[in-house]
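What follows is a short report on a single structure.
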There are 2 protein chains.
Amino acid sequence: MAGVTIRDVAKAAGVSTATVSYVLNNSRQVSEATRRRVIEAAQRLGYRANITARNLQASETRLLGYTWRPTPPDQFNPILDQFLNAIAQAAARHEYHILTFPTTSIEEENAIYREMVLTGQVDGFVLSNTNLDDPRVRTLLDIGFPFVAFGRSNPEWDFPWVDVDGTYGVLVATHHLLERGHRRIGCLAWPEASLTGQYRLEGYREAMTDAGLTVAPEWVRRTETAYEDAYRAACGLLSLPASRRPSAIVALSDLMAIGAMNAAADLGIEVGRELAIVGFDDAPVARFLRPPLSSLAQPISEVGERLATMLIDLVNGRRPAQAQVLLKPSLVVRASSAFRYTD
Amino acid sequence: MAGVTIRDVAKAAGVSTATVSYVLNNSRQVSEATRRRVIEAAQRLGYRANITARNLQASETRLLGYTWRPTPPDQFNPILDQFLNAIAQAAARHEYHILTFPTTSIEEENAIYREMVLTGQVDGFVLSNTNLDDPRVRTLLDIGFPFVAFGRSNPEWDFPWVDVDGTYGVLVATHHLLERGHRRIGCLAWPEASLTGQYRLEGYREAMTDAGLTVAPEWVRRTETAYEDAYRAACGLLSLPASRRPSAIVALSDLMAIGAMNAAADLGIEVGRELAIVGFDDAPVARFLRPPLSSLAQPISEVGERLATMLIDLVNGRRPAQAQVLLKPSLVVRASSAFRYTD
DNA sequence: CACCATGACTTAAACGTTTAAACGAACTAT
DNA sequence: ATAGTTCGTTTAAACGTTTAAGTCATGGTG
């Protein structure tokens with residue numbers, strides 16, 4: 001397409017292609033006169049180095065792969081936009097770009113990884129939504145290919161990751177509820193298999209223990225992340241006899257929190273007066289709900305930025321300054337939980 | 001990284017690299033015996049052709065660029081996930097991948113386009129959120145680089161696009177409201193400069209005219225897309241004297257619809273009984289609102305798929321079968337507008 | 001004056017493919 | 001028997017860079 005090559009510039013400036021390269025990359029001393037001639041010629045012809053050729057010669061691609069599994073239509077992904085944006089911006093600063101490819105299953109993802117590594121399509125990967133013993137992490141560790149992960153996996157595995165401290169977040173949220181006078185606090189949690197779910201739930205338990213409260217088993221409802229499941233689970237919580245029915249619910253995601261809000265409404269319980277709810281993620285829509293939903297905001301942009309720079313370090317054979325980073329989410333208190341509760 | 005090249009395979013099979021290439025690409029007759037030897041060797045060594053080298057030689061990248069402007073934190077992008085997914089899946093079927101890069105302004109986007117074209121980083125572009133006289137469309141038309149757009153621009157410009165028929169969508173939505181007994185219908189519209197806004201508004205006007213109703217100027221409120229603006233505009237609509245106050249509102253986006261829902265709630269007007277509201281986009285959250293919000297669902301996956309295949313056709317010098325495609329959105333009726341209204 | 005170092009540039013190989021052109025052997029048709 | 005085809009394969013150029021190694025003045029040093 002572009003068509004103007006380094007040879008054209010060399011000819012126009014009356015020098016060899018090597019000299020042109022040296023001038024343009026500042027990689028060797030060149031006399032001022034020649035330098036000017038080359039630059040002038042390059043500019044006049046509108047020369048821009050062909051990236052593919054450069055990459056071939058450097059045997060790199062300056063591409064970072066990011067896979068994500070598309071969100072089912074009945075759920076939402078509150079962070080894709082921001083996350084993709086953050087990693088792409090950070091990568092661009094180092095002249096890297098993001099290659100995105102959605103996949104449908106972990107197995108497919110794994111296969112695609114191998115393929116991309118073998119064909120040299122990317123220099124590294126960004127994983128997200130990692131889980132305990134994540135096979136993708138295992139694969140990449142085994143073949144020794146550069147990658148970073150948003151999320152932890154097996155604590156025994158040494159690999160670079162950034163994660164948001166779910167334990168801390170839920171601990172803070174639960175403290176907040178305790179501080180507003182709640183004593184019976186329920187939790188909409190995920191199945192045991194979810195590592196992220198484990199961390200978050202731990203925060204809830206810790207806070208309750210700190211406050212000298214015992215967690216009734218019936219207060220912790222494990223459920224899939226889908227809206228309907230959360231709705232049903234919340235109905236269960238709210239149908240407990242008055243003395244054991246929670247006056248506050250911590251939901252491990254905003255979608256689940258919405259399920260809880262609607263369950264409460266359908267049972268005639270007023271959220272923001274009789275019942276407090278806190279979510280996790282601070283989805284954009286949280287502010288617009290009625291009442292506005294308190295939630296834990298994840299520092300997604302920082303996660304993305306750190307991951308990108310870590311990965312670029314790795315790709316270039318440098319050890320990243322910090323290979324494991326745990327960032328704190330921040331609680332955004334809104335009307336769904338701002339009120340003071342008294343029994 | 002991968003390390004095993006076509007030369008290694010050639011040596012292992014005792015043939016020239018050309019033969020290996022011919023076998024592996026099926027591009028020339030090769031004797032069965034040699035074919036088997038080559039395939040066996042390739043397999044044994046785990047050979048996969050290096051993509052960069054192949055691309056250089058073919059002077060292509062098999063990469064399609066997609067830029068989007070990140071959504072401001074107080075808004076949401078209900079379609080990025082699905083759209084990216086659709087184009088990436090469709091592209092993958094033809095062994096193309098998507099290079100994403102977020103930008104902050106149209107000007108920056110334009111500059112990046114030029115740069116990417118000149119450096120040969122992508123074979124084509126997917127634009128979205130095009131507007132009247134969109135400078136990006138102009139640039140790409142001028143330099144003659146392959147691209148497709150989600151959205152129309154200047155009707156005089158001949159370029160390939162796919163769009164969702166906003167006029168039709170809002171027409172259907174308005175008909176639906178008329179059919180439920182509404183006579184005073186308001187519209188939360190966008191500033192005149194928005195082409196998409198123009199099309200959608202037209203649907204509203206047409207439906208009203210069809211029904212023999214005149215649109216009171218005060219019923220059409222032009223506003224920015226932000227929540228607060230829509231909220232205020234809706235307050236304006238709902239504060240009209242009873243005889244002129246709309247009993248139904250068509251909002252040109254779900255975010256604006258939410259603004260209207262909350263405005264109504266704050267004014268003590270019950271949505272779903274006294275006031276009907278319809279949005280546009282069918283954001284995932286629409287189902288979970290109270291009442292659930294009626295909305296126009298865009299066939300995003302189809303848009304993405306069509307765009308990707310059109311672009312790949314273009315990149316390969318084929319004219320796409322259909323260069324301009326207008327798809328119909330479908331109205332999803334939920335409780336916010338399902339009731340029958342009587343004055 | 002011989003020698004070496006330095007500076008400014010060029011030559012040519014390399015990165016890993018694909019593919020046009022050349023080549024030789026085995027057939028086929030005259 | 002000879003020329004022309006066909007088949008299967010190899011040779012080598014090409015894609016557009018970067019860069020190690022080489023060349024050749026020039027100038028400084030002992």
Side-chain angles (χ1 to χ4, degrees), chain A residues 1-39 41-42 45-63 95 116-123 316, chain B residues 1-39 41-42 45-63 95 116-123 316:
Chain A
M1 186 75 232
V4 29
T5 78
I6 198 172
R7 256 180 282 270
D8 301 327
V9 177
K11 198 174 295 173
V15 297
S16 73
T17 63
T19 304
V20 175
S21 177
Y22 290 141
V23 168
L24 265 25
N25 297 312
N26 247 317
S27 44
R28 230 197 191 55
Q29 277 252 333
V30 175
S31 78
E32 195 46 38
T34 335
R35 145 167 273 109
R36 261 206 292 272
R37 277 216 318 288
V38 168
I39 291 187
L45 301 180
Y47 169 76
R48 308 262 45 212
N50 177 296
I51 298 264
T52 310
R54 174 178 288 170
N55 287 346
L56 175 58
Q57 131 75 32
S59 49
E60 61 179 13
T61 65
R62 302 201 81 87
L63 253 31
E95 285 168 280
M116 297 216 128
V117 170
L118 255 29
T119 57
Q121 281 196 86
V122 297
D123 292 346
N316 291 293
Chain B
M1 187 76 232
V4 30
T5 79
I6 199 172
R7 255 180 282 271
D8 301 327
V9 178
K11 197 174 295 172
V15 296
S16 73
T17 64
T19 304
V20 176
S21 177
Y22 291 141
V23 168
L24 265 25
N25 297 312
N26 248 316
S27 44
R28 231 194 190 58
Q29 277 252 331
V30 176
S31 78
E32 194 47 38
T34 337
R35 145 168 273 109
R36 262 206 291 272
R37 278 216 316 290
V38 168
I39 292 186
L45 301 180
Y47 170 76
R48 307 262 46 212
N50 178 295
I51 297 263
T52 310
R54 173 179 289 169
N55 287 345
L56 173 58
Q57 129 75 34
S59 50
E60 60 180 13
T61 64
R62 302 200 82 87
L63 254 31
E95 284 168 281
M116 297 216 128
V117 170
L118 255 29
T119 56
Q121 280 195 87
V122 297
D123 294 344
N316 292 292

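All chains are named by letter (A, B, ...) in the order of the sequence lines, taking the proteins before the strands, and each is independently numbered beginning at 1.
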**Report entry** Residue pair B:Leu63 / A:Leu63, side-chain heavy-atom distance below 4.5 Å
**Finding:** yes

Report summary line: Which of A:Leu45, A:Val20, A:Thr17 passes side-chain contact (heavy atoms from CB on, under 4.5 Å) with A:Asp8? It is A:Leu45

Query raised in the report: Where the side chain of B:Arg37 meets the backbone of B:Ala13, is there a donor-acceptor pair that is under 3.5 Å apart?
Result: yes

Query raised in the report: With side chains defined as the heavy atoms from C-beta onward, is the minimum distance between A:Arg35 and A:Asn26 less than 4.5 Å?
Result: yes

Query raised in the report: Would you say the side-chain atoms of B:Arg62 pair up with the backbone N or O of B:Glu95, donor to acceptor, closer than 3.5 Å?
Result: yes

Query raised in the report: When every nucleotide of nucleotides 9-18 of chain D is labelled 5' to 3' by its protein contacts under 4.0 Å (heavy atoms), B for base, S for sugar-phosphate only, - for none, what sequence of letters results?
Result: BBB--BBBBB

